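A short worksheet on the structure shown next.
Just so you know, these numbers use all the heavy atoms, side chains as well, and skip hydrogens, waters and symmetry mates. In this text the structure is predicted, and so the values were computed from the model without any measurement.
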Amino acid sequence: MENATLPCRDLFDIPQGVLYLDGNSLGPLPKHAPARAAEAITREWGGELIRAWNTAGWMELPLKVANRIAPLIGAAEGSVATGDTLSIKVYQALAAALRMRPDRRVIVSDSGNFPTDLYMAQGLIDTLGQGHVLKTPNPDDVESAIGPDVAAVMLTQVDYSTGRRHDMARVTEAAHAAGAVMIWDLAHSAGAIEVDIAASGAEFAVGCTYKFLNGGPGAPAFIYVRPDIAEQVQPALAGWLGHEAPFAFDLDYRPAMQTERMRVGTPPIVQLSLLDAALDVWDGVSMAEVEAASARLAEVFIREVESRCPTLKLKSPRDPAKRGSQVSFAFPDGYAAMQALIERGVIGDFRAPDTMRFGITPLYLDDADMTAAAKVIAEVINTDAWKAARYQVRSRVT
Ligand SMILES: *Cc1c(COP(=O)(O)O)cnc(C)c1O
């Protein structure tokens with residue numbers, strides 16, 4: 001059953017016979033994106049050369065794309081900037097947050113956060129050398145860890161491994177009640193669930209665009225800064241393209257207006273062209289509807305897998321309101337089992353130590369796909385097909 005008002009599988013180039021349950025890691029190719037990138041390469045770069053920065057709108061492209069991401073996360077026009085990688089954007093948001101609370105020394109995250117977010121925080125702490133500490137309580141204990149010494153609360157809304165979802169409004173309120181700055185990582189939220197970052201009141205949000213937004217491998221990240229504080233934010237990575245007037249070539253840094261100051265260097269034009277094309281898919285799409293469709297599909301998937309394959313233990317919350325747009329199952333030999341699934345055209349991924357992860361993306365998956373995937377999963381697990389030697393060899397990317 002296709003949802004009539006949602007974009008459909010026809011918009012994406014997904015190989016025949018593939019059930020793609022990994023759009024939470026790398027979204028599939030929108031069919032019209034290659035032509036847009038080819039134009040940027042051949043006509044704009046090839047034909048216009050350096051002139052293209054002006055004639056092909058390259059200088060405006062980062063903000064144009066940012067303004068297309070903004071409504072998908074409930075942000076106002078001008079409050080989002082694009083560029084760099086998510087790791088860099090995490091660093092920038094946290095560095096700015098710590099400068100806003102110079103008399104506090106604690107950063108609260110959680111033990112379910114994606115490691116790079118924690119690594120970036122630790123690296124920043126070491127660089128500052130001011131005695132900041134990073135606390136990583138269990139996700140359920142975050143609120144009790146937020147006290148008067150906390151400078152910033154930095155959380156990923158949807159856990160990359162389990163799909164567990166934090167209550168954005170509630171945690172932000174707790175952070176603000178304690179006087180802390182709130183940073184949300186929306187890597188597994190943008191394009192997956194309805195987000196109202198403006199209503200949450202959070203100061204910063206960051207995210208990537210190659211997961212549910214389908215921008216392609218290495219697509220630029222985004223950063224949101226709450227409009228009323230944007231002009232006070234002091235960028236730690238004060239690059240020339242975050243300068244008020246890059247082509248004045250002043251020796252002193254003056255931050256650009258609003259969130260544009262969070263840009264650093266030369267934007268990746270070909271990647272931005274792909275992302276710009278990928279965002280066409282979202283024109284007029286209601287995120288509430290996407291979230292509802294995803295919850296319904298996930299319910300079918302959980303039911304079908306559990307009934308056919310009791311060996312797999314659900315690792316994601318059962319309550320859709322507490323889950324993002326993915327379903328994870330624990331299985332000790334999950335890596336080998338996932339390789340066997342991939343060989344059979346059911347593509348998910350594996351996260352150490354035991355998590356088989358399946359992204360649910362209603363833009364190109366329907367109820368029948370959920371049942372079909374569950375049948376293949378049951379075959380692989382129930383017949384021990386995953387035990388074949390070729391499935392045991394670990395690749396670099398799992
Ligand atoms: C995917 C993901 C990242 C990846 O960061 P990159 O710099 O884009 O490689 C970071 N944080 C979270 C929470 C993620 O889910």
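Within the model, atoms CD of E379 and CZ of R344 stand 4.5 Å from one another, a figure rounded to the nearest 0.5 Å. A distance of 13.0 Å separates OH of Y91 from OG1 of T85, quoted to the nearest 0.5 Å. For the atom pair D349 CG and I342 CD1, the distance stands at 7.5 Å (nearest 0.5 Å). Atom CD1 of I73 and atom OG of S79 lie 6.5 Å apart (nearest 0.5 Å). Going from atom CG of D276 over to atom CZ of R36 covers 5.5 Å, rounded to the nearest 0.5 Å. Atom CG of L72 is separated from atom OG of S286 by 10.5 Å, given to the nearest 0.5 angstrom.
For the pair K211/Y160, no side-chain contact is recorded, criterion being any heavy-atom separation below 4.5 Å from C-beta on. Side-chain contact between S111 and P139: present, with at least one pair of heavy atoms (C-beta onward) separated by less than 4.5 Å.
A salt bridge does not link D252 to R254: none of the charged side-chain nitrogens sits closer than 4.0 Å to a carboxylate oxygen. A salt bridge links R261 to E231: one of the charged nitrogens lies within less than 4.0 Å of a carboxylate oxygen. Electrostatic pairing of K315 and D354 counts as a salt bridge here, judged by a charged N lying under 4.0 Å from a carboxylate O. Using a 4.0 Å cut-off between charged side-chain N and carboxylate O, R43 and E39 make a salt bridge. With respect to the salt-bridge test (charged N to carboxylate O, under 4.0 angstrom), the residues R164 and D140 qualify. Under the 4.0 Å criterion applied to side-chain N and carboxylate O atoms, R105 and D149 are not assigned as salt-bridge partners.
Sorted by first and then second residue, the pairs that involve residues 322-331 and meet side chain to side chain donor-acceptor pair (under 3.5 Å), not counting sequence neighbours, are S294-S325, Q326-S328.
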Problem - Residue pair M370, L365: steps toward the side-chain contact (heavy atoms from CB on, under 4.5 Å) verdict - result: CA-CA 8 Å; M370 298 294 100; L365 293 168; 4.0 Å; yes
Exercise for the section: Check step by step if side-chain contact (heavy atoms from CB on, under 4.5 Å) holds for W184 and T172. Expected result: CA-CA 9 Å; W184 285 106; T172 305; 2.8 Å; yes
Exercise for the section: Could you walk me through whether D367 and R296 pass side-chain contact (heavy atoms from CB on, under 4.5 Å), step by step? Expected result: CA-CA 9 Å; D367 289 30; R296 193 175 49 78; 2.9 Å; yes
Handout entry: Pair E203-H176, side chain to side chain donor-acceptor pair (under 3.5 Å): steps then yes or no
Key = CA-CA 10 Å; E203 284 83 353; H176 288 168; 2.8 Å; yes
Exercise for the section: Kindly determine whether R263 and E260 satisfy salt bridge (Lys or Arg N to Asp or Glu O under 4.0 Å), including the steps that lead there. Expected result: CA-CA 6 Å; R263 287 179 55 189; E260 282 291 277; 3.1 Å; yes
Exercise for the section: Check the pair M59, L241 against side-chain contact (heavy atoms from CB on, under 4.5 Å), reporting the backbone distance first and the verdict last. Expected result: CA-CA 10 Å; M59 232 18 207; L241 286 182; 3.7 Å; yes
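The hydrophobic cluster containing V153 does not contain L98, counting ILVMFWY residues as joined when their side-chain heavy atoms lie under 4.5 angstrom apart, directly or transitively. Linking Ile, Leu, Val, Met, Phe, Trp and Tyr whenever their side-chain heavy atoms come within less than 4.5 Å puts V300 and V346 in one cluster. Put simply, I381 and L21 are part of the same group of oily side chains (I, L, V, M, F, W, Y) that touch within less than 4.5 Å, one to the next. Under a hydrophobic-cluster definition in which Ile, Leu, Val, Met, Phe, Trp and Tyr are linked whenever side-chain heavy atoms come within less than 4.5 Å, directly or via other members, W282 and L63 are assigned to different clusters. Tracing side-chain contacts under 4.5 Å through hydrophobic residues (I, L, V, M, F, W, Y), one reaches L213 starting from L363; they form part of the same cluster.
Applying the 6.0 Å contact sphere to CD of Q392 captures more than 12 heavy atoms from other residues, nucleotides or ligands. Annotation: Y253, atom OH; neighbour count of heavy atoms from other residues, nucleotides and ligands within 6.0 Å is above 12.
Remark: of the listed residues V181, T136, L94, L94 is the sole one forming a side-chain contact (heavy atoms from CB on, under 4.5 Å) with I107. Checking each of L29, V281, T361 against F12 for a side-chain contact (heavy atoms from CB on, under 4.5 Å) leaves exactly one that passes, namely V281.
Scanning for side chain to side chain donor-acceptor pair (under 3.5 Å) contacts around D283 gives R68, with sequence neighbours left out. Scanning for ring pair (Phe, Tyr, Trp, His ring centres under 6.0 Å) contacts around W58 gives W53, with sequence neighbours left out.
Ring geometry for F212 against H188 counts as perpendicular: the plane angle is over 60°, on a 0 to 90° scale with 30° as the lower cut.
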